[in-house]
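Worksheet for the structure shown next.
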Amino acid sequence: MDTVTSLLDSIAGVGRDEQRGGYTRPVYSAAELDLRAWFVEQAGRRGLDVETDRNGIIWAWWGPPQAGALVTGSHLDSVPGGGAFDGPLGVAAALAAVDELRARGVEPRRSLAVTVFPEEEGSRFGVACLGSRLLTGAIDADKARNLRDADGNTFADVARQNGLDPAHLGADPEALARIGDFVELHVEQGRGLGEDGPAVAVGSSILGHGRWKLGIAGQGNHAGTTLMEDRRDPMVAAAQVILAVRQVAAAQPDARATVGRIQPVPGGTNVIASRVDLWLDVRHPDDAVTARLVETIHGKAQKIAAFEGCTVSLTEESYSGTVYFDPALQRQLENALPGAPVLATGAGHDAGVLAGYVPSGMLFIRNPTGISHSPEEFVEPADADAGSAALADALEALL
Ligand code: HGY
Ligand code: MN
Ligand code: MN
Ligand code: MN
């Protein structure tokens, strides 16, 4: 039987990012396609029947595809320079849990499926959990088809290049009905379990979170011939906006606001930018507070831009309200894992999108660094295996 660590070791070379460190595995990139092939091979080795649905979600079945099945899984795509565990841990633990259930001689009373959701990070097309949002209809199919990556490829084109029919992207009630209960195991992306806490926690909720694009337009010009007093430099405005984001969030308990991505246009060293796009990630337990934070930030950005002789536009790219996992399923997970603490998380997950449609729950595995979306993300091998054993306990209780 493979351990979770040996499964993860078998993909440790895929999508390594020598420049950033860690892994860069955007959806439908060569790296992520390699990981998909790895998953299909591992599932095949376990006699699981593999199918890919109209939205590119991979389902590996133990038992016939049927409504009301027990489903567990996560994602294989990553953020740029991400860690080894965010996503793949949940997939590897699910495969190891199938091995464990079989070793225990468990005869499932209902089918079990292990799933891989595409574009959970939203790193290529800008909308997080795109696969589960398509499956549930949480995103408009046309909006999804027209999403573009940094090279201008539409999601429709990339989906077509990967064997999907773009016309069929979108809500898939028959596939959704197959999920009777969904459980996602995931590396903890914070310090809830601490450096030496228990290996496994049960999830309770996910903070509401959204992404907005702020476009600041100024006057592009020559860096050498344009006097300082003649400038309308959007980079100067952007710098002040980023500081304002921190001030606004720091003043609001439980708020998180981040500018993790900024893109000057044209981006030349000797060129005053004509425009700067920056992406805002705001999260808070209360959706009304999140909305108010964004409004406050937008107002400050407008003042800053006006002072710098620039203009600013705000576009919402995606939003998920605060999600509470299914209480009955959460209790079943807690009963299956006596003594496991219960954790709220600030990170979004496909389980969070699905929670709006089917009973959905999560298990978190201790990350002694408390760091994620970074090469420093870590899980002790013993905790990874304890996680898959805990997942097997939870699945056995639910099968
Ligand atoms: O951004 C998130 O919270 C998730 O990791 N996609
Ligand atoms: Mn993840
Ligand atoms: Mn992530
Ligand atoms: Mn996530």
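Ligands are counted one by one from 1 in listed order, and the atoms in each one are counted from 1 as well. Numbering of residues begins at 1 and proceeds along the displayed sequence.
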_Ligand-residue contact atoms, ligand 1 with A347, heavy atoms, under 4.0 Å_ = 3 (O)
*Of the side chain and backbone of H373, name the one, both, or neither that has a heavy atom under 4.0 Å from an atom of ligand 1.*
side chain
_To check you understand the geometry: which heavy-atom pair defines the closest contact between L176 and L135, and what is its length?_
N-CD1, 3.9 Å
*Does any N, O or S atom in D86 come within less than 2.8 Å of the Mn ion (ligand 2)?*
yes
_Cationic tip of R25 above Y23 ring, under 6.0 Å, 45° of axis_ = yes
_Tell me whether the Mn ion (ligand 3) has H349 as a neighbour, meaning an N, O or S atom of it below 2.8 Å._
no
*Is the shortest side-chain N to carboxylate O distance from R20 to D17 below 4.0 Å?*
yes
_Using 2.8 Å as the threshold, say whether any N, O or S atom from H75 sits that close to the Mn ion (ligand 2)._
yes
*Examine the proximity of ligand 1 to R283 and report which part, side chain or backbone, both or neither, has a heavy atom under 4.0 Å away.*
side chain
*H373 atom NE2 and E121 atom OE1 as seen from the Mn ion (ligand 3), angle to 10 degrees*: 90°
_Atoms of ligand 1 close to E120 [distance to a heavy atom under 4.0 angstrom, numbered from 1]_ = 4 (C), 6 (N)
_Atom pair CE (M362) and OG1 (T72), whose distance is rounded to the nearest 0.5 Å_ = 9.5 Å
_Side-chain ion pair, D277 and R275, N-O less than 4.0 Å_ = yes
_Checking the side chain of E184 only, and the main-chain atoms of A351 only, is there a donor and an acceptor separated by less than 3.5 Å?_
yes
